[in-house]
There are 2 protein chains.
Amino acid sequence: MTGHTLARLPEQAELDGAIRAAGLKVTSPRVAVMRALADLPHSGAESVFAAVRHDLPGTSLQAVYGVLAALTEAGLVRRIEPAGFPARFERRVGDNHHHAVCSGCHSVQDIDCAIGEAPCLLPSDDSGFAVHSAEVTFWGLCAACQAEAAA
Amino acid sequence: MTGHTLARLPEQAELDGAIRAAGLKVTSPRVAVMRALADLPHSGAESVFAAVRHDLPGTSLQAVYGVLAALTEAGLVRRIEPAGFPARFERRVGDNHHHAVCSGCHSVQDIDCAIGEAPCLLPSDDSGFAVHSAEVTFWGLCAACQAEAAA
DNA sequence: GCAGTTGTTTTGAATGATTCAAAACAACCA
DNA sequence: TGGTTGTTTTGAATCATTCAAAACAACTGC
């Protein structure tokens, strides 16, 4: 589903600081969710729940939803919602990057801005529409699924 | 919600032909859905249902869902799913155009390709991802909602 | 260090969009 | 015009997500 990154996992203090800096109370479910997303970016609520449960049994799914909502609201995580799929979350925020969704395995990968810097897109004729953000989703097959399809 | 276009409404025969050409049986719910979408593009299932009911009472919501699914499958309509909203449908298919969603009134407007012709977007680094399509959603305020906000 | 306040999590239930399944029905072909 | 096949109706289920009240825990100030 979602590829495991080899990125360094953040320290406890680092996560605490980020959460506190966002004006939120530091709680174990929040830290656990942040850690889970650092480990497995583009996870859905259900996957985050599974990961959180692993080192914090007794955590409820609703708590995970609540935490994800709070973190998203605070700008600590970003929510993406590919058409036809439950929402996914990631900690990479603030840069205007985009996503590629594999139609085969439903994995999501980050894609840097297609053209130049953020905001990298502007409509050719906006008819007076004031653009605040642009969201790009690429659909196709990831390298692994192409290989499998070739076999 | 969704702006009323002034576009010419298609003739019965035109709709029948399109549906038949797609390999589907021509039924009144299908014609009614096509007509509703010609009248009000970017409508959701619920709005289409309301419009269809108007001249075809007795039509069920499930039938509308079924018709929309069949027409989408056949390539006669396109389904768009802005994050956080129920799916919307439109008859403009085959060109790779995009959408602007107003955060104020939730209306959707078509936006022509941002840069050049379709496919107008390619990732800068695709890591072997084979892109089949690119979907762009602009978020912001439509002209009307800007005017209202200014007052 | 400890109590109060405020915000968070738990528990349990509800919601909304969408889909499934079986039976009644209608379009199209011969 | 009848048969076949695909479509719609009817009724119910599903999934992701949200709501609400009560139990609880983090932070503030003492």
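Each chain gets a letter, A, B and so on, in the order the sequences are listed, and its residues count up from 1.
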S.K.: If we fit an axis to the first five pairs and another to the last five of the helix from C:dG1-D:dC30 to C:dA30-D:dT1, what angle do they make, to the nearest 10°?
M.R.: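 Here the local axes at opposite ends form an angle of 40°.
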S.K.: Looking at DNA chain D, which of residues 61-77 of chain A put a heavy atom within less than 4.0 Å of it?
M.R.: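 A:Q62, A:Y65, in order of number.
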S.K.: B:A130: what forms a side chain to side chain contact (heavy atoms under 4.5 Å, CB included) with it, not counting sequence neighbours?
M.R.: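 B:A130 satisfies side chain to side chain contact (heavy atoms under 4.5 Å, CB included) with A:Q146 once adjacent residues are dropped.
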S.K.: Roughly how many Å is it from CZ in A:R88 to C1' in D:dA16, rounded to a whole number?
M.R.: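 Those two atoms, CZ and C1', are 13 Å apart.
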S.K.: Looking at C:dT8, C:dT18, D:dT17, which one has an atom nearest to any side-chain atom of A:R30?
M.R.: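 Output: C:dT8.
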S.K.: Enumerate, atom names and distances included, each donor-acceptor pair closer than 3.5 Å involving a side-chain atom of residues 56-73 of chain B, sequence neighbours excluded.
M.R.:
{"residue": "B:T59", "atom": "OG1", "partner": "B:L56", "partner atom": "O", "Å": "2.6"}
{"residue": "B:S60", "atom": "OG", "partner": "B:A63", "partner atom": "N", "Å": "3.0"}
{"residue": "B:T72", "atom": "OG1", "partner": "B:L68", "partner atom": "O", "Å": "2.6"}

S.K.: Can you give one letter per nucleotide of nucleotides 21-30 of chain D, 5' to 3': B if a protein heavy atom sits under 4.0 Å from the base, S if only from the sugar-phosphate, - if neither?
M.R.: -----BS---
S.K.: Name the orientation class of the two ring planes belonging to B:F85 and B:W139 (parallel below 30°, tilted from 30 to 60°, perpendicular beyond 60°).
M.R.: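 Ring orientation of B:F85 relative to B:W139: parallel.
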S.K.: Quick check on DNA chain D: between B:G58 and A:F85, whose nearest nucleotide comes earlier from the 5' end?
M.R.: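 Mapping each residue to its closest nucleotide by heavy atoms, the 5'-most match is B:G58.
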S.K.: Once you round it to whole Å, what is the distance between C1' of C:dG7 and CD1 of A:I19?
M.R.: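 To the nearest whole Å, that distance equals 14 Å.
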S.K.: Please list, chain by chain and in numerical order, all residues satisfying side chain to side chain contact (heavy atoms under 4.5 Å, CB included) with A:E148, sequence neighbours excluded.
M.R.: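 A:E148 satisfies side chain to side chain contact (heavy atoms under 4.5 Å, CB included) with no other residue.
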S.K.: Applying salt bridge (Lys or Arg N to Asp or Glu O under 4.0 Å) as the test, list every pair that has at least one member in residues 41-52 of chain A; sequence neighbours left out.
M.R.: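 Sorted result for residues 41-52 of chain A: empty, none.
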S.K.: Using the side chain to side chain donor-acceptor pair (under 3.5 Å) criterion, which residues pair with B:R92? Sequence neighbours excluded.
M.R.: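 Side chain to side chain donor-acceptor pair (under 3.5 Å) check on B:R92 returns B:D95, B:H97, B:D110, B:D112.
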S.K.: Tell me every residue that passes side chain to side chain contact (heavy atoms under 4.5 Å, CB included) with B:V93, counting only those two or more places apart in sequence or in another chain.
M.R.: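 For B:V93 the side chain to side chain contact (heavy atoms under 4.5 Å, CB included) partners, ignoring immediate neighbours, are B:R78.
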S.K.: Look at atom NE2 of A:H132 and say whether more than 12 heavy atoms of other residues, nucleotides or ligands are closer to it than 6.0 Å.
M.R.: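 Enclosed: over 12 neighbouring heavy atoms sit under 6.0 Å from NE2 of A:H132.
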S.K.: Looking at residues at least two apart in the chain, or sitting in another chain, which of them share a side chain to side chain contact (heavy atoms under 4.5 Å, CB included) with B:A22?
M.R.: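 In terms of side chain to side chain contact (heavy atoms under 4.5 Å, CB included), with neighbours along the sequence ignored, B:A22 is linked to B:A74, B:L76.
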S.K.: Only pairs at least two apart or in different chains count here, so list each ring-ring contact (aromatic ring centres under 6.0 Å, His included) that has a residue in residues 10-37 of chain A.
M.R.: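 Not a single pair qualifies under ring-ring contact (aromatic ring centres under 6.0 Å, His included).
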S.K.: Rounding to an integer number of Å, can you tell me how far A:F49 CZ sits from D:dT17 C1'?
M.R.: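 About 14 Å, once rounded to whole Å.
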S.K.: For A:D55, check side chain to side chain donor-acceptor pair (under 3.5 Å) against everything at least two apart and list the hits.
M.R.: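 Not a single residue meets the side chain to side chain donor-acceptor pair (under 3.5 Å) criterion with A:D55.
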S.K.: In whole angstrom, give the distance that lies between atom CD of B:E81 and atom C1' of D:dC15.
M.R.: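 Interatomic distance, CD of B:E81 to C1' of D:dC15: 13 Å.
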